[in-house]
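Just below is one structure, and these are the notes that go with it.
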Amino acid sequence: MQLVRQKDKFAMKRHRPGSRRRAGGGRRVPGTLRRRPALSVLAALLVAAAGSGCAAGAGSNGADGRAVEPPPARPGARAGQADPARALTAYAERMKRAQAARVAAARKWGLAGTPLVAPAPPLEKPRITSRKGFEVEDDASLPPVFTTVPTTERIVFLTMDDGAEKDPELLRMMTELQIPYSAFLSDYEVNDNYGYFRDAQRRGVTINNHTLNHPYLPGLSYAAQKREICGQQDIIEKQFGKRPTLLRPPYGNYNRATLTIAKSCGIRAVPLWAEEVFPDHMEYREWDRDLHPGDIILTHFRGRDEWKGSMPDLIRQVMKIVTAKGYAVAKLEDYV
């Protein structure tokens with residue numbers, strides 16, 4: 001049975017703070033995506049439209065000093081329908097208010113800088129394949145295993161595992177900062193408070209699979225792996241109303257049976273991670289110790305009981321690095 005191991009530690013016990021170690025090398029897969037119009041293009045249209053709107057606005061005077069009536073509505077236009085210039089101006093105002101809210105939120109939560117805004121997601125999701133060195137035998141039909149999403153945009157994806165810490169401050173902080181993230185939950189960590197994660201889901205967080213009990217999957221029988229993966233699928237569907245399509249195996253360890261079972265109960269992709277962040281530092285998978293377009297960042301729902309910091313401290317750390325390097329955080333499920 002072929003094994004792909006991300007962590008050297010073979011222990012069957014559950015995770016401990018700092019127990020994860022980075023996996024070995026491999027290269028990222030570049031990609032080019034069709035995108036919706038960028039905000040910069042819309043901004044240019046806004047300026048042009050606003051100018052034309054002022055030049056032809058109602059109440060202007062002609063050469064003889066008499067008031068000039070505004071042009072008639074376009075044929076077929078509905079009564080009261082806003083003209084394009086006004087619509088674009090209103091959009092510009094909304095964007096201005098949204099940015100002001102982000103600046104205020106960043107100041108409120110003590111961030112080093114205002115988070116950058118991610119571009120609109122692609123019209124078509126990129127084709128994702130397994131990272132070189134992460135494949136299993138005959139895996140063409142199995143969910144791909146990857147650490148980076150193919151894109152040329154300066155975006156990264158924030159993901160959180162397990163679910164032990166249920167800090168209400170985290171929910172408020174991420175909502176006010178408008179930073180997307182994805183949750184990979186283990187049931188033994190969250191079954192004492194599903195309501196916390198339902199609240200997160202209502203705020204836009206996608207709930208994904210991290211198994212029932214966080215075991216070392218390659219050490220289990222086929223039947224035991226199926227209970228861990230498909231059993232968590234069933235619980236998430238029951239508690240959150242939707243069956244996940246993403247699985248992150250505990251410790252990043254899996255074999256062919258893991259992927260075969262995952263596919264059988266609805267998993268379409270297996271995102272691992274390129275970086276792991278802690279309240280006081282970030283660890284990198286790649287030799288250059290840097291972020292790259294499309295990188296997936298891993299962290300955990302942990303608090304002061306296990307880490308030297310709170311969940312908001314963790315977010316301040318990761319956003320300080322991400323923003324300083326010129327990256328925005330995008331939503332993983334918009335690309336995978």
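With respect to the salt-bridge test (charged N to carboxylate O, under 4.0 angstrom), the residues Lys242 and Glu333 do not qualify. Ionic pairing of Arg304 and Asp313 is present here: one or more N-O contacts between side-chain nitrogen and carboxylate oxygen are shorter than 4.0 angstrom. Salt-bridge formation is not detected for the pair Arg256/Asp138: no Lys NZ or Arg NE/NH1/NH2 atom is positioned less than 4.0 Å from an Asp or Glu carboxylate oxygen. Using a 4.0 Å cut-off between a side-chain N of Lys or Arg and a carboxylate O of Asp or Glu, Asp334 and Lys331 do not qualify as a salt bridge. At a threshold of 4.0 Å, the pair Arg203-Asp199 counts as salt-bridged, since one of the basic side-chain nitrogens sits closer than that to a carboxylate oxygen.
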Pairs under 3.5 angstrom only: tabulate donor-acceptor contacts from the side chains of residues 107-118 to other protein residues two or more places apart or in another chain.
from: Lys108; atom 1: NZ; to: Glu176; atom 2: OE1; distance (Å): 3.0
from: Lys108; atom 1: NZ; to: Glu176; atom 2: OE2; distance (Å): 3.1
from: Trp109; atom 1: NE1; to: Glu176; atom 2: OE1; distance (Å): 2.9

Using residues 96-104 as the side-chain source, report each donor-acceptor pair under 3.5 Å to any protein atom, sequence neighbours left out, with the distance given to one decimal.
from: Gln99; atom 1: OE1; to: Arg102; atom 2: NE; distance (Å): 3.0
from: Gln99; atom 1: OE1; to: Arg102; atom 2: NH2; distance (Å): 3.1

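In this structure, the side chains of Thr159 and Ile296 come closer than 4.5 Å at one or more pairs of heavy atoms.
For the pair Arg131 (side chain) and Pro144 (backbone), a donor-acceptor distance under 3.5 Å is absent. Asp187 contributes no side-chain N or O that, together with a main-chain N or O of Thr211, makes up a donor-acceptor pair within less than 3.5 Å.
Taking the ring axis of Tyr327 as reference, the NZ or CZ atom of Arg154 stays within 45° of it and closer than 6.0 Å to the ring centre. Figure legend: cation-pi geometry between Arg248 and Phe184, with NZ or CZ positioned under 6.0 Å from the six-membered ring centre and within 45° of its axis.
For Tyr251 and His214, the ring centers are positioned less than 6.0 Å apart. In this structure, Phe134 has its ring center no closer than 6.0 Å to that of Tyr254. Less than 6.0 angstrom separates the ring centroid of Phe157 from the ring centroid of Tyr335.
A donor and an acceptor atom, one from each side chain of Gln317 and Asp280, are nowhere located under 3.5 Å apart. Defined by atom type and a distance below 3.5 Å, a donor-acceptor pair is missing between the side-chain atoms of Thr147 and Arg285. For the residue pair Thr299/Glu276, the side-chain donor-acceptor check at 3.5 Å is not satisfied. Using modelled atom types and a 3.5 Å distance limit, the side chains of Asp162 and Tyr188 yield no donor-acceptor pair. Counting only N and O atoms by type, the side chains of Thr258 and Gln225 include a donor and acceptor under 3.5 Å apart.
Within a 6.0 Å radius of CZ in Arg268, other residues, nucleotides and ligands contribute 12 heavy atoms or fewer.
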